[in-house]
Amino acid sequence: MPAKTLQEYSAKTAQKAVEQPAETSPSPVEPLSVRAILEQATPSTLDAALLVSATYDGERQKAVLKLYREKDERIYLWYDDAGHKPYCFSDLTPEELKTLPGLASHPGLERLERLKKYEPLRDEEKAYTKVEATDPLSIGGKPSGSIRDILPKAWEADIRYYECYIFDRDLKVGMPHCVKDGHLKELPYQVSSEVAEAVERLFEKEPPEVQEHIMRWMDLLECPVPDYRRVALDIEVGGPVATRMPSAEQAEDPVIAIGLVDNRGEKQVLLLRRQGIELGELPKGAQVSFFEDERGLLEAAFSQIAECPFVITFNGDDFDLRYLFHRAERLGFERDQIPIELSRDAAGLSLGVHVDLYKFFFNRSIQIYAFGQKYREITLDDVGNSLLGMGKVEIEGPVAELSYGLLADYCLRDAEITMQLTQLENGMTLKLATVLARISRTPIDDLTRQGVSGWIRNMLRYEHRRRNWLIPRPEDILEAKGAATTKAIIEGKKYRGAEVIQPEAGVHFNVPVLDFQSMYPSIISRYNLSYETVRCPHPECRTNKVPDTPHWVCTRKKGVSSLLIGSLRDLRVKWYKPRSRDRRLPRATLDWYNTIQNSLKVLLNASYGVFGSENFFLYCPPVAEATASIGRYAMTQTIERARATGMKVVYGDTDSIFLEAPSQKQVQELMAWSEQTLGMELDIDKTYRYAVFSARKKNYLGVYPDGSVDIKGLTGKKRNTPEFLKKAFFDMIDILSRVTSPDDFKKAKERIRELVKTSYVKLRRREYSLKDLAFNVMLSRPPDKYTKTTPQHVKAALQLQKARREVMPGDVISFVKVTGSSGVKPIQLAKTEEVDVAKYAEYISSTFEQVLDALDIDIGQVAGAPRLDLFMPSGADKAASER
DNA sequence: GCGGACTGCTTACCT
DNA sequence: ACAGGTAAGCAGTCCGCG
């Protein structure tokens with residue numbers, strides 16, 4: 001059956017799609033039956049379809065898989081056919097277990113089986129008892145009486161059942177499968193012989209187990225991902241109070257608009273007809289349907305999301321889908337008429353897959369590594385503006401009072417932004433999620449909701465099951481390996497981290513920056529770091545020491561995390577990264593390789609940190625500590641070597657070394673030395689025409705040969721800095737980017753002095769608007785939760801609250817510094833005359849000082865700079881003038 | 001009672 | 001719920017000062 005278009009979907013249910021509001025409603029449509037839809041979606045035979053998600057069916061007590069068939073763009077279901085049961089492990093014998101009170105008689109106990117498992121912490125095999133249950137809740141999850149609570153010690157009892165199912169059946173999420181006579185079969189994807197040979201050649205010197213893993217990854221990564229059929233959804237709710245977010249649990253107010261935009265560009269908006277609302281101008285290029293009653297509106301929306309394979313929202317877990325569910329219940333829908341499945345912190349679909357982009361974009365690793373920190377706030381408006389150049393429609397007053405035209409525009413725009421966020425770079429967003437799902441064997445919907453530690457956890461859990469390794473409990477690891485031993489520089493941290501070299505203040509011309517390619521993953525790979533290899537049980541390994549720590553590393557066996565992280569790293573560095581820049585390849589291929597390359601980057605960048613995180617299932621402080629320690633060692637050794645060979649090191653941070661005007665030969669020699677002595681690749685990351693350092697670490701400016709500029713850490717580019725100052729700062733950057741030789745600086749300095757002076761003058765004349773003057777600081781918790789101090793942005797937030805404006809964590813508070821007791825005011829409540837000019841003058845000075853210091857410009861000498869005697873309060877005034 | 005020195009809190013950044 | 005290291009500004013505290 002061919003896929004339905006949005007129009008076909010809606011034609012069935014829309015009561016009337018017209019330019020003018022209809023006077024009467026046509027007859028209602030047949031009611032939706034979720035059960036019938038699911039039954040129809042469960043064929044006994046199915047050709048190629050991607051495994052995209054998995055869940056547990058409580059009624060049938062079976063694992064269910066969701067498969068996406070590209071041919072008709074539909075989801076199909078498949079239920080377990082082998083009677084797989086949930087289980088956990090015990091170190092007691094079946095006989096001992098039977099004596100435990102409440103176990104033998106447990107209604108959920110299925111059977112006990114003695115078997116052998118390899119125990120990585122002790123490096124030996126041991127017998128365990130597999131305790132099987134009829135259902136996942138019997139293993140764990142009931143408030144009391146779960147099997148895992150009856151056992152004195154239980155292993156692997158907290159793995160979600162359907163994840164357990166994926167691992168045990170060796171299922172490849174995101175890969176093609178088929179169903180024959182009710183049985184599921186993988187359709188193996190094989191890379192072309194051309195690619196396979198090229199990769200084999202690339203890694204021919206690696207040990208066999210590394211080669212084996214690289215080929216396993218290749219089969220997963222090369223297989224193309226389709227452009228999933230999907231619809232973005234956004235709803236508007238008509239409440240009396242405009243500022244307050246309506247409660248999704250109560251769902252008290254009517255749903256007044258539902259916007260739907262699909263991946264082919266079809267747009268549709270469903271509107272509730274209400275008393276006294278103006279028509280306005282309805283959006284062009286979108287199908288607008290009016291509904292006389294809310295029930296009909298929801299039915300129309302449900303009939304579309306019920307069968308759409310992927311539904312995309314921005315915050316649908318907590319709002320849109322949750323609200324629709326509870327609102328439908330309130331309106332008397334049967335459970336079988338609502339195609340939404342709610343859990344505590346997610347909203348799923350009965351048949352399809354719901355991706356909540358809010359959760360995915362909130363993920364720090366995705367934000368930083370996949371989207372290059374282009375968006376700062378996790379709001380649809382900011383993400384849309386930053387990534388697409390398209391923000392929300394600006395409205396005034398409550399949505400419930402908008403004309404139909406404006407309401408439709410507003411609602412549709414949100415759905416449109418949401419859809420376009422999945423259409424960036426050839427559909428990179430969902431492809432990225434799919435690639436990560438493949439590597440981590442995680443259902444795609446879960447993947448978009450989990451953090452990196454969840455992905456790495458699943459990747460490693462699968463590998464343990466594949467090897468028949470017992471997954472240790474966190475307390476087993478901690479007991480065997482102990483805590484960290486080095487002292488952190490920051491108080492309260494668990495161990496010492498990276499080395500930062502004191503920069504040499506001033507201007508340096510011709511500065512190459514060398515860096516270790518993905519340093520921490522390289523260290524984990526090269527030095528065999530893993531929870532079972534660091535402080536392993538073998539006496540003969542104890543001499544294989546980690547520098548500056550009491551730890552040692554195994555010499556007998558390759559560590560599991562070392563192998564997995566190492567093979568992924570090698571594949572990224574040697575294959576995907578170069579391929580993603582190969583100009584000979586077509587654009588679409590480059591985009592695809594870039595997506596894979598980015599997925600690997602996201603995963604690799606977190607691979608060290610997780611071992612130092614208490615919440616990680618393989619939390620192992622010595623592993624994290626050893627990684628950081630070897631990093632410091634590599635850094636200091638390399639700097640020593642650079643200096644010994646006559647080079648000038650002007651700065652370095654963690655994995656990078658900045659050199660001043662070295663010869664090519666010197667650099668080449670250092671790189672060869674690193675490869676040979678440390679076993680780590682040192683690369684030329686970039687070369688600056690010149691770099692400007694203040695005396696501060698993590699603060700510098702580098703100008704490339706083409707005039708583009710890297711700015712790191714400087715106040716002038718921080719997001720909380722007032723706009724007027726950012727602009728002045730970037731005017732200075734513009735001047736600096738034109739400097740090509742030391743001689744050019746003279747003129748540049750003069751122009752910069754002028755620029756700073758102008759800024760002071762405009763400030764004094766109060767020519768900057770409040771918006772330009774505002775500091776923009778994010779509120780990280782509700783204002784009353786700041787108990788130790790009351791920072792300025794919180795003071796401003798409290799004033800806003802007093803003026804009956806809602807403030808929430810995540811909001812960016814815009815405030816200006818004013819004269820008077822409070823010191824600050826939110827821009828909504830401030831006036832230009834109260835601005836504290838002196839404070840701002842000081843702020844200008846300190847911002848420019850970071851750069852002018854290095855240029856040998858004394859900010860105090862710039863006309864207009866704040867002078868103590870002019871700005872200090874009267875008492876200090878005298879003291880200052882007496883000096 | 002006030003100001004300077006100091007510490008701790010908070011945010012935003014770097015790798 | 002990936003880590004630690006750094007900068008900056010402000011809030012709050014302590015202490016000396018006839």
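Per chain, numbering begins at 1; letters A, B, ... match sequence-line order.
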Undergrad: Has Arg461(A) got its NZ or CZ under 6.0 Å from the middle of the six-membered ring of Phe617(A), at an angle within 45 degrees of the ring axis?
TA: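 Geometry flag: set, cation within 6.0 Å and 45°.
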
Undergrad: With respect to Trp455(A), which candidate in Ile439(A), Asp446(A), Val610(A), Leu447(A) satisfies the side-chain contact (heavy atoms from CB on, under 4.5 Å) definition?
TA: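 The residue from Ile439(A), Asp446(A), Val610(A), Leu447(A) that satisfies side-chain contact (heavy atoms from CB on, under 4.5 Å) with Trp455(A) turns out to be Leu447(A).
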
Undergrad: Return no unless some side-chain N or O of Ser846(A) is found under 4.0 Å from OP1 or OP2 of dG9(C).
TA: yes

Undergrad: Classify Phe616(A) by what it touches in the nucleic acid, base, sugar-phosphate, or nothing, heavy-atom distance under 4.0 Å.
TA: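 Nothing, no heavy atom under 4.0 Å.
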
Undergrad: Could you check Leu779(A) against Phe658(A) and say which one's nearest nucleotide on DNA chain B is further toward the 5' end?
TA: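 Checking each residue's closest nucleotide, the 5'-ward one belongs to Leu779(A).
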
Undergrad: Can you find a side chain N or O atom of Tyr843(A) that sits less than 4.0 Å from OP1 or OP2 on dC10(C)?
TA: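 Checking dC10(C) against Tyr843(A), no side-chain N or O comes under 4.0 Å of OP1 or OP2.
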
Undergrad: Heavy atoms from C-beta onward define the side chain here; which of dA8(C), dA3(C), dA12(B) lies closest to that of Tyr608(A)?
TA: dA3(C)

Undergrad: Considering only dA7(C), dA12(B), dC2(C), which nucleotide approaches the side chain of Gln850(A) most closely?
TA: dA7(C)

Undergrad: Just checking Phe775(A) against Tyr843(A), ring centres under 6.0 Å apart?
TA: yes

Undergrad: Under 4.0 Å from OP1 or OP2 of dC13(B): is there any side-chain N or O of Arg376(A) that close?
TA: yes

Undergrad: Taking for each residue the nucleotide of DNA chain C bearing the nearest heavy atom, is the 5' side occupied by Arg364(A) or by Lys487(A)?
TA: Arg364(A)

Undergrad: Could you check how far CZ of Phe775(A) sits from C1' of dC10(C), rounded to whole Å?
TA: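 From Phe775(A) CZ to dC10(C) C1': 12 Å.
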
Undergrad: From dC9(B), dC2(C), dC10(C), pick the nucleotide closest to the side chain of Gln792(A)?
TA: dC10(C)

Undergrad: Measure from CD1 on Ile501(A) to P on dT6(C) and round the result to the nearest Å.
TA: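 The distance from CD1 of Ile501(A) to P of dT6(C) comes to 10 Å, rounded to the nearest Å.
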
Undergrad: Base, sugar-phosphate or nothing for Ile711(A)? Non-hydrogen atoms, less than 4.0 Å.
TA: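 Sugar-phosphate, no base atom in range.
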
Undergrad: Would you say Arg696(A) places a side-chain N or O within less than 4.0 Å of OP1 or OP2 belonging to dA8(C)?
TA: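 Answer is yes, contact under 4.0 Å.
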
Undergrad: Is the phosphate of dT11(B), meaning OP1 or OP2, less than 4.0 Å from a side-chain N or O of Tyr786(A)?
TA: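 Yes, because at least one side-chain N or O of Tyr786(A) sits under 4.0 Å from OP1 or OP2 of dT11(B).
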
Undergrad: Any side-chain N or O of Lys717(A) below 4.0 angstrom from OP1/OP2 of dA12(B)?
TA: no

Undergrad: Contact class for Ala498(A) vs. all strands (heavy atom < 4.0 Å): base, sugar-phosphate, or nothing?
TA: sugar-phosphate

Undergrad: If only side-chain N and O atoms of Arg781(A) are considered, is one of them under 4.0 Å from the OP1 or OP2 phosphate oxygen of dT10(B)?
TA: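 Yes, such a contact exists.
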
Undergrad: In whole angstrom, give the distance that lies between atom NZ of Lys697(A) and atom C1' of dA7(C).
TA: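 Rounded to the whole Å, the gap is 11 Å.
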
Undergrad: Select base, sugar-phosphate, or nothing to describe what Glu614(A) touches, counting heavy atoms under 4.0 Å on all strands.
TA: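 Counting heavy atoms under 4.0 Å across all strands, no contact is made by Glu614(A).
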
Undergrad: For Ile490(A), report the nucleic acid contact type (base, sugar-phosphate, nothing); a contact means any heavy atom under 4.0 Å.
TA: base

Undergrad: Which comes earlier along DNA chain C counting from the 5' end, the contact point of Ala606(A) or that of Ile489(A), where each point is its nearest nucleotide?
TA: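 On the 5' side of the pair lies Ala606(A).
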
Undergrad: Roughly how many Å is it from CD in Glu377(A) to P in dC13(B), rounded to a whole number?
TA: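 Distance check: Glu377(A) CD to dC13(B) P gives 11 Å.
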
Undergrad: Flag the pair Tyr619(A) / Phe611(A) as yes when their ring centroid distance falls below 6.0 Å, and as no otherwise.
TA: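 Ring-ring flag for Tyr619(A)/Phe611(A): false, centres at least 6.0 Å apart.
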
Undergrad: Between dC2(C), dA7(C), dC14(B), which nucleotide gets closest to the side-chain atoms of Val610(A)?
TA: dC2(C)

Undergrad: Can you find a side chain N or O atom of Ser613(A) that sits less than 4.0 Å from OP1 or OP2 on dA1(C)?
TA: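 No.
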
Undergrad: Please tell me if Thr654(A) has a side-chain N or O lying less than 4.0 Å from either OP1 or OP2 of dC14(B).
TA: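 Negative; the distance criterion is not met.
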
Undergrad: Could you please name the option among dT10(B), dG5(C), dG12(C) that lies closest to any side-chain atom of Thr790(A)?
TA: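 For Thr790(A), the side-chain atoms sit closest to dG12(C).
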
Undergrad: Compare side-chain N and O positions of Lys795(A) against OP1 and OP2 of dA11(C) and report whether any pair is under 4.0 Å apart.
TA: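 For Lys795(A), the contact criterion (side-chain N or O under 4.0 Å from OP1 or OP2 of dA11(C)) is met.
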
Undergrad: Heavy atoms under 4.0 Å, any strand shown: does Gly609(A) hit a base, just sugar-phosphate, or nothing?
TA: base

Undergrad: What's Tyr700(A) touching, base or sugar-phosphate or nothing? Going by heavy atoms closer than 4.0 Å.
TA: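 Sugar-phosphate contact only.
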
Undergrad: Between His793(A) and dT10(B), is there a side-chain N or O to OP1/OP2 distance below 4.0 Å?
TA: no

Undergrad: Any idea which of dA8(C), dT11(B), dA11(C) is nearest the Thr789(A) side chain?
TA: dA11(C)

Undergrad: Nearest of dC13(B), dG5(C), dT10(B) to any side-chain atom of Lys493(A)?
TA: dG5(C)

Undergrad: Could you go through the side chain to side chain contact (heavy atoms under 4.5 Å, CB included) check for Gln450(A) and Lys359(A) one step at a time?
TA: CA-CA 8 Å; Gln450(A) 286 175 7; Lys359(A) 292 247 170 84; over 6 Å; no

Undergrad: If you measure from the Lys or Arg side-chain nitrogens to the Asp or Glu carboxylate oxygens, is any gap between Lys697(A) and Asp653(A) under 4.0 Å?
TA: no

Undergrad: For dC10(C), take OP1 and OP2 only and decide whether either is under 4.0 Å from a side-chain N or O of Lys817(A).
TA: yes

Undergrad: Any base atoms under 4.0 Å from Arg457(A), or only sugar-phosphate, or nothing? Heavy atoms, all strands.
TA: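 Counting heavy atoms under 4.0 Å across all strands, no contact is made by Arg457(A).
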
Undergrad: I need the minimum non-hydrogen distance between Val560(A) and Ser530(A), along with the two atoms involved.
TA: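 Smallest interatomic distance, heavy atoms only, reads N-OG, 3.4 Å.
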
